[in-house]
> 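Once you've had a glance at the structure underneath, I'll fire off some questions.
Since the structure is predicted, the reported quantities are computational estimates derived from the model, not experimental observations. Chain identifiers are assigned alphabetically (A, B, ...) following the order of the sequence lines, protein sequences preceding nucleic acid strands; residue numbering begins at 1 within each chain.
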Protein chains: 2
Amino acid sequence: MLDETDRAIVRALLENARTANSALAELVGIAPSTCLARVRALRERGVIHGYHAEVDLPAVGLPLQAMISVRLRAHTREQNEGFRTTAPNLPGVLEVFHIAGADDYLLHVAVADPEALRSFVVDHLTTHPAVAQARTNLVFERIPGATPVI
Amino acid sequence: MLDETDRAIVRALLENARTANSALAELVGIAPSTCLARVRALRERGVIHGYHAEVDLPAVGLPLQAMISVRLRAHTREQNEGFRTTAPNLPGVLEVFHIAGADDYLLHVAVADPEALRSFVVDHLTTHPAVAQARTNLVFERIPGATPVI
DNA sequence: GATGAAAAGCTTTAAGC
DNA sequence: GCTTAAAGCTTTTCATC
């Protein structure tokens, strides 16, 4: 599905999404016009979903992160759908995962201070009709430097 | 620290890191030259760490994701350092979090198939000298659409 | 698919306000 | 911090291979 040139393009854009097309072309050893066509094809095929800035959360006033495991009351489609649509829109939510196991969802959140975290859990999670239980784990550190997966 | 214009710039680049400077300037209501200077300052101050492509994992051959909670044998500095430096370099690791609570680390991984997941856990985690236990939760779905945090 | 060349557009810098 | 203007790149298209 992807040849080695496509993978090299994806790796380069994972590392720096603003690499200029001319530089990208040189990096992977093809002509700029070809490179542009491949990048466009990768986007159109949905291999690349988008390009995002990586922000320093403490620098933008969100120095506290947590992982919150959420267990639903019942594992009905209705409760899942309800939580699924609510969760990503709660304030401070970075990511939402629907997971297998004892818990049903895992939320990665960033907040300004402990009070904001308390309010998030108490006002938005435990009061949600579908939620049975929420277990909060503070994040000491998000460890950087994961190797590109492809 | 950040004024409303800076935050608007960051929001725009969170959503699309490749927004052209001229478009960004218009979006936030300042002149292109000012906008360029602000974006550069945001990078130099470390508010923006970088720009990354968002990749469709199944499309690049990694259709299976898991969250793996790792508990260390002892909570010594040495064991923490050892695991901390190893974990981000294990194959398929997307993110590593050092967390508070019963478990010590949370790994988000993407793999090609169940056998790769088994091999990751058995060959790289449970055989690591610092690791006491690893609990694997499959990710059914990474739910999109989280609201920008700033 | 890939290329090279031309046109269009964008970035970047500097000077003056 | 804004505007303007100019130079230098980049992107994009298109005819061609």
> What is the separation between atom CG on Leu27(B) and atom C1' on dC10(C), rounded to the nearest whole Å?
17 Å
> Can we say Arg38(A) and Asp3(A) salt-bridge, meaning some charged N sits less than 4.0 Å from an Asp/Glu carboxylate O?
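Salt bridge present between Arg38(A) and Asp3(A).
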> Specify the closest pair of heavy atoms between Ile30(A) and Cys35(A), including all atoms of both residues, with the distance to one decimal.
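Scanning both residues, the minimum pair turns out to be CD1-CA, 3.5 Å.
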> Please say whether the positively charged group of Arg142(A), taken as NZ for Lys or CZ for Arg, lies over the ring of Phe97(B), i.e. under 6.0 angstrom from the six-membered ring centre and within 45 degrees of the axis.
no
> Is the distance between the ring centroids of His128(A) and Phe83(A) less than 6.0 Å?
yes
> Using a 4.0 Å heavy-atom cut-off to protein, can you give one letter per nucleotide of nucleotides 10-17 of chain D, 5' to 3': B if the base is in contact, S if only the sugar-phosphate is, - if neither?
SSBB----
> Once you round it to whole Å, what is the distance between P of dC9(D) and CD of Glu26(A)?
14 Å
> State whether Asp104(A) and Arg71(A) are salt-bridged, where the test is any N-O pair (Lys NZ or Arg NE/NH1/NH2 against Asp/Glu carboxylate O) under 4.0 Å.
no
